[in-house]
Amino acid sequence: MDHFNYHSDGRLLVEDTAIEDIIKKTGTPAYVYSRATIERHWTAFDQAAGDHPHLICYAVKANSNLGILNLMARLGSGFDIVSVGELLRVIQAGGDPKKVVFSGVGKTEIEISTALQAGIHCFNVESISELRRINDVASCLNKKAPISIRINPNIDAGTHPYISTGLKENKFGIEIEQALTVYSLANELPFLEVKGVDCHIGSQLTEVEPFLEALDKLLILIDDLATQGITIQHLDLGGGLGVPYNGETPPEPAQYMKAIIERMGDRKLKLIFEPGRAIMANAGILVTKVEFLKLNDYKNFAIVDAAMNDLIRPSLYSAWQNIIPINNKLDDPEKRPSRVYDVVGPICETGDFLGKERQLSIAEGDYLAVRSAGAYGFTMSSNYNSRCRPAELMVDGDKAFVIRQREAHIDLWRGEHVLP
Ligand SMILES: Cc1ncc(COP(=O)(O)O)c(C=O)c1O
Ligand SMILES: N[C@@H](CCCC[NH3+])C(=O)O
């Protein structure tokens with residue numbers, strides 16, 4: 001069950017709000033999120049962990065709008081960040097830096113010192129050079145930096161190659177074979193405090209087995225570290241739980257958590273999770289207007305006002321996201337014969353599409369919703385072709401709030417200068 005449903009009169013509702021009504025005021029393209037869905041998804045993770053010590057660190061990269069981060073903060077969420085920009089967003093939105101874990105392979109000195117001074121929970125360290133850099137920065141600040149080593153367990157997450165992160169050929173983490181050596185180095189560096197073990201094997205996983213395979217390897221490592229006198233206080237299992245885009249049946253957060261907690265046995269080690277997509281993807285849609293229908297002998301195109309700059313997942317990963325009308329009972333259905341369309345944007349790239357070969361009954365001027373667009377939608381948007389990025393709206397029951405205004409053209413050249 002989610003909060004995006006058709007009313008019996010044909011209008012698509014987000015919670016108790018008809019999209020038609022809000023879109024008239026804000027225009028398109030626009031992202032529309034459901035507060036109730038976001039809160040339900042976050043709470044599903046939190047409740048599934050039960051009384052096992054845990055921290056849910058929402059992965060900010062999935063959707064970093066301040067309105068969304070603020071909702072997470074109100075729920076008591078922690079945050080997984082990958083840049084100082086994300087840290088500043090979390091703080092600006094009222095998030096608690098003490099519940100922040102900092103992942104990413106290329107942390108700069110300034111990012112490390114800002115995070116240390118903010119008092120984050122843990123750095124998830126991805127290389128020996130980074131370990132030394134964190135120690136140096138911490139020494140300048142005369143602080144101890146809390147660290148976990150991100151382990152690359154060489155496990156096939158069975159996901160798209162661009163978003164698989166736990167294989168030897170991926171740039172992420174430290175090879176599990178080197179883990180003991182790197183931990184003893186970390187233990188010797190005077191300005192580091194070893195806190196945890198970290199792992200994130202990829203995104204959009206639809207099976208629980210790869211997570212459990214990784215967990216088994218990490219538990220062996222934790223035992224080996226204990227015999228070396230290195231006590232681990234938390235195990236961060238990253239994010240990665242998939243969502244249904246097109247009939248996939250990933251485990252529910254409750255099933256996924258249950259399987260992990262069962263596999264922990266009687267270890268009460270604190271667990272950290274970094275879900276992004278599973279909380280946000282199906283809590284948002286991208287609403288777009290059909291500008292033109294172009295009917296050819298070979299192929300029909302629905303040319304809409306959203307494009308790959310607004311939502312790049314279909315172009316980048318050939319990702320499939322459902323596309324539905326925001327009213328499925330319009331007055332004059334004879335104007336809308338059912339046809340197969342490629343739904344494409346106005347950008348000058350053949351790869352600019354939101355969906356291919358979709359059966360739709362639409363006319364020019366109708367509005368469509370691209371579903372499952374709440375994660376990696378706006379955050380991956382760009383200004384390509386000098387297009388203003390879309391507005392973002394949050395529905396809460398029968399009210400809608402603008403949580404990001406549509407960009408204006410003047411925003412596009414802010415900071416640019418012509419030669420004297
Ligand atoms: C380190 C890390 N943590 C968490 C996430 C969130 O992943 P997902 O959105 O698949 O839950 C990602 C992205 O894949 C990541 O790289
Ligand atoms: N951006 C990707 C996921 C990458 C996750 C980041 N580690 C997507 O849209 O599916």
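Just so you know, these numbers come straight off a predicted model, no measurement behind them. Order of listing sets the numbers, starting from 1, for every ligand and every atom in it.
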- Item | Residue pair Gln178 / Glu175, side-chain donor-acceptor N/O under 3.5 Å | yes
- Item | Gly240 N/O under 3.5 Å from ligand 1 N/O | yes
- Query: What part of Ser103, side chain, backbone, both or neither, has a heavy atom within less than 4.0 angstrom of ligand 1?
  - Reply: side chain
- Mind checking whether Tyr317 has an N or O less than 3.5 Å away from an N or O of ligand 2? yes
- Message: Tell me whether the rings of His234 and His121 are parallel (<30°), tilted (30 to 60°) or perpendicular (>60°).
- Response: parallel
- Message: Can you confirm, on distance only, whether ligand 2 has an N/O atom lying under 3.5 Å from any N/O atom belonging to Arg277?
- Response: yes
- Message: For Ala62, state whether at least one heavy atom is located under 4.0 Å from any atom of ligand 1.
- Response: no
- Show your reasoning for whether side chain to side chain contact (heavy atoms under 4.5 Å, CB included) applies to Asp198 and Ile151. CA-CA 6 Å; Asp198 170 54; Ile151 305 299; over 6 Å; no
- Would you mind running through ligand 1 and noting each atom that sits below 4.0 Å from a heavy atom of Glu274? 1 (C), 2 (C), 3 (N), 4 (C), 5 (C), 6 (C), 11 (O)
- Check ligand 1 against Pro275 and write out every atom of the ligand that is under 4.0 Å from a heavy-atom position of the residue. 11 (O)
- To the nearest 0.5 Å, how far apart are CG in Asn383 and NE2 in His409? 9.5 Å
- Query: ligand 2 versus Gln204, non-hydrogen atoms closer than 4.0 Å: side chain, backbone, both, neither?
  - Reply: neither
- Message: Looking at Lys268, I want to see if its NZ is surrounded by more than 12 non-hydrogen atoms of other residues, nucleotides or ligands under 6.0 Å.
- Response: yes
- Message: Tell me the contacting part of Tyr376 for ligand 1: side chain, backbone, both, or neither, using a 4.0 Å heavy-atom threshold, strictly below.
- Response: side chain
- Those atoms of ligand 1 less than 4.0 Å from some heavy atom in Asp80: 2 (C), 3 (N), 4 (C)
- Message: Using a 4.0 Å cut-off to any heavy atom of Arg313, which atoms of ligand 2 qualify?
- Response: 8 (C), 9 (O), 10 (O)
- Hey, what do you get for CG (Asn300) to CD1 (Ile362), rounding to the nearest 0.5 Å? 9.5 Å
- Neighbour count above 12 (heavy atom, 6.0 Å) for Lys399 NZ: no
- Of Glu130, Glu126, Glu274, which is the lone residue that meets salt bridge (charged side-chain N to carboxylate O under 4.0 Å, His left out) with Arg150? Glu126
- Taking atom CD1 of Ile347 and atom CZ of Arg387, what is their separation to the nearest 0.5 Å? 5.0 Å
- Note on the structure: To atom 7 (O) of ligand 1, the nearest of Arg277, His200, Arg150 on a heavy-atom basis is His200
- Message: Taking 4.0 angstrom as the limit and counting only heavy atoms of Gly276, give me the atoms of ligand 1 inside it, by number and element.
- Response: 8 (P), 9 (O), 11 (O)
- Which of the numbered atoms in ligand 1 are below 4.0 angstrom from a heavy atom of Ala59? 4 (C), 5 (C), 6 (C)
- Task: Identify, by atom number and element, the atoms of ligand 1 in contact range of Gly239, meaning under 4.0 Å from any of its heavy atoms.
- Result: 4 (C), 11 (O)
- CG of Leu293 to CZ of Arg339: how many Å apart, nearest 0.5 Å? 6.5 Å
